[in-house]
K.L.:
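Shown below is the structure under consideration.
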2 protein chains.
Amino acid sequence: MAELRPNSIPTDDDPPIDIADPLCAVFRRKLKAEGAKYTPERAQILDAIIRLDGMFEAETLQEHLKDRGQRVSKATVYRTIKLLQEAGIIQRVLFEDEQAHYQLVYGRRPSDLLIRVDTGEVIPIQVPELQQIRDRLAKEHGLKIQSHRLQVFAVGEGTKG
Amino acid sequence: MAELRPNSIPTDDDPPIDIADPLCAVFRRKLKAEGAKYTPERAQILDAIIRLDGMFEAETLQEHLKDRGQRVSKATVYRTIKLLQEAGIIQRVLFEDEQAHYQLVYGRRPSDLLIRVDTGEVIPIQVPELQQIRDRLAKEHGLKIQSHRLQVFAVGEGTKG
DNA sequence: CTTGGTGCAAACATTTTGCAGCACA
DNA sequence: TGTGCTGCAAAATGTTTGCACCAAG
């Protein structure tokens with residue numbers, strides 16, 4: 001049976017976050033909490049993600065590291081991505097692609113996405129209405145909403161599909 | 001560069017659809033239109049999808065076929081899935097899983113999803129508010145919205161994440 | 001020092017593709 | 001009766017894992 005459960009979708013109502021708190025400290029705390037180590041590779045990866053800021057894939061990330069002369073192995077990239085997901089710092093954001101896309105989410109309201117299918121551009125958007133939609137769904141279904149994901153696909157005005 | 005563009009997200013404002021029109025006829029028409037053939041394998045695959053009705057993966061699909069004594073190769077399953085996507089009959093719906101999930105969408109308003117992360121259950125939902133959200137986004141960004149995808153993740157009331 | 005981390009390469013899982021023979025239109 | 005389709009097996013991706021050596025705490 002396929003595993004339908006998201007790896008670790010951060011619950012929106014997790015403890016409120018101090019935005020000013022450097023992500024690296026957050027990561028360190030998480031690592032220490034489970035007896036793991038804060039290595040240069042992990043620091044470099046988190047750093048690269050902060051620099052990339054928007055969306056990234058494992059490969060992109062590794063290339064950016066390489067461009068800075070920081071050689072980190074594929075294995076370590078993937079392993080660290082997993083840790084950062086567990087820490088709620090990044091989140092997987094899949095498109096219709098076979099490659100996993102990630103997004104920095106810690107300390108930000110997880111943004112919904114407007115995706116231009118003609119250019120590939122990804123525009124973060126805010127959709128306040130979703131809060132009431134979530135509330136309604138929770139009530140209607142007797143469930144506790146943890147998070148959501150909205151992707152809106154669009155093309156430029158003049159573009160012909 | 002990664003391909004960000006969805007393979008073929010059916011545009012919501014495609015020509016209106018006669019729900020009564022058997023999917024198989026739709027598929028046939030599409031195949032004929034491009035000089036392709038309507039083979040038993042393709043018929044069996046579409047049939048299995050209609051029987052499955054909800055969500056499915058390539059593997060599930062092949063197993064269902066096998067259970068009915070219809071041996072279709074992996075290659076043909078994938079090739080046909082691609083054709084059905086192009087025909088707007090099914091749509092890819094990815095979760096946080098590495099395996100692609102598909103959904104029958106032809107002749108239905110593509111539904112948004114409520115996903116129970118504790119049980120893996122997937123509940124189709126209707127969110128009428130999205131229409132005005134889409135309209136607003138279109139105006140704000142000067143884009144033409146083609147489609148969207150909303151996934152809401154929830155757990156049962158008593159469940160502790 | 002001890003435990004956990006890294007890189008490498010091999011293993012994996014899913015999807016795609018090349019090719020020879022088969023079958024629909 | 002020709003073009004497109006199928007199955008098979010091999011290739012291509014993207015991600016994970018085993019292992020020997022190395023380094024953080």
K.L.:
Rounding to a whole Å, what distance do you find between B:R42:CZ and D:dC5:C1'?
P.N.:
6 Å
K.L.:
How long is the span from the CG atom in B:D47 to the CG atom in B:L65, to the nearest 0.5 Å?
P.N.:
9.0 Å
K.L.:
Using a strict threshold of under 4.0 Å (side-chain N to carboxylate O), is an ion pair present between B:K82 and B:E86?
P.N.:
no
K.L.:
Which nucleotide in the list C:dT14, D:dG7, C:dT15 gets nearest to the side chain of B:T76?
P.N.:
D:dG7
K.L.:
Compare side-chain N and O positions of A:T39 against OP1 and OP2 of C:dT6 and report whether any pair is under 4.0 Å apart.
P.N.:
yes
K.L.:
Find the distance A:Y78:OH to C:dA9:P and express it as a whole number of Å.
P.N.:
17 Å
K.L.:
To the nearest 0.5 Å, what is the distance between NZ (B:K32) and OH (B:Y38)?
P.N.:
12.0 Å
K.L.:
Which residue, B:H64, B:E57, B:E63, B:Q62, forms the side chain to side chain donor-acceptor pair (under 3.5 Å) with B:T60?
P.N.:
B:E57
K.L.:
Applying a 4.0 Å non-hydrogen cut-off, can you work out what B:K32 is touching in the nucleic acid: base, sugar-phosphate, or nothing?
P.N.:
nothing
K.L.:
Just how far, in rounded Å, is C1' of D:dG7 from NZ of B:K66?
P.N.:
14 Å
K.L.:
For A:A75, report the nucleic acid contact type (base, sugar-phosphate, nothing); a contact means any heavy atom under 4.0 Å.
P.N.:
base
K.L.:
Does B:K37 or B:V77 map to a spot on DNA chain D nearer the 5' end, using the closest nucleotide for each?
P.N.:
B:K37
K.L.:
For the pair made of CD in A:E34 and C1' in C:dG5, what is the distance, rounded to whole Å?
P.N.:
13 Å
K.L.:
For B:K74 and D:dC5, give me the distance from atom NZ to atom C1', rounded to whole Å.
P.N.:
18 Å
K.L.:
Is B:L31 reachable from B:L84 through a run of hydrophobic residues whose side-chain heavy atoms are each under 4.5 Å from the next?
P.N.:
yes
K.L.:
Are OP1 or OP2 of C:dC8 and a side-chain N or O of A:R71 less than 4.0 angstrom apart?
P.N.:
yes
K.L.:
Using five base pairs at each end, measure the axis-to-axis angle across the helix from C:dC1-D:dG25 to C:dA25-D:dT1 and round it to 10 degrees.
P.N.:
40°
K.L.:
Would you say A:S73 places a side-chain N or O within less than 4.0 Å of OP1 or OP2 belonging to C:dT6?
P.N.:
no
K.L.:
Quick one: side chains of residues 126-133 of chain A, donor-acceptor pairs under 3.5 Å with protein atoms, not counting sequence neighbours, listed by atom name and distance.
P.N.:
unit_1 : atom_1 : unit_2 : atom_2 : d
A:E129 : OE1    : B:R136 : NH1    : 3.1
A:E129 : OE2    : B:R136 : NH1    : 2.3
A:Q131 : NE2    : A:D135 : OD1    : 3.1

K.L.:
For B:L31 and C:dC24, what is the distance between atoms CG and C1' respectively, to the nearest whole Å?
P.N.:
12 Å
K.L.:
Might you point out which heavy atoms bring B:L113 and B:P124 nearest each other, and give the distance in Å?
P.N.:
CD2-CA, 4.1 Å
K.L.:
Between B:R28 (CZ) and C:dA25 (P), how many Å, whole number?
P.N.:
8 Å
K.L.:
Can a donor-acceptor pair under 3.5 Å be found between the side-chain atoms of B:R79 and the base atoms of D:dG7?
P.N.:
yes
K.L.:
Mind calculating the distance between CD1 (A:I45) and C1' (C:dG7) to the nearest angstrom?
P.N.:
12 Å
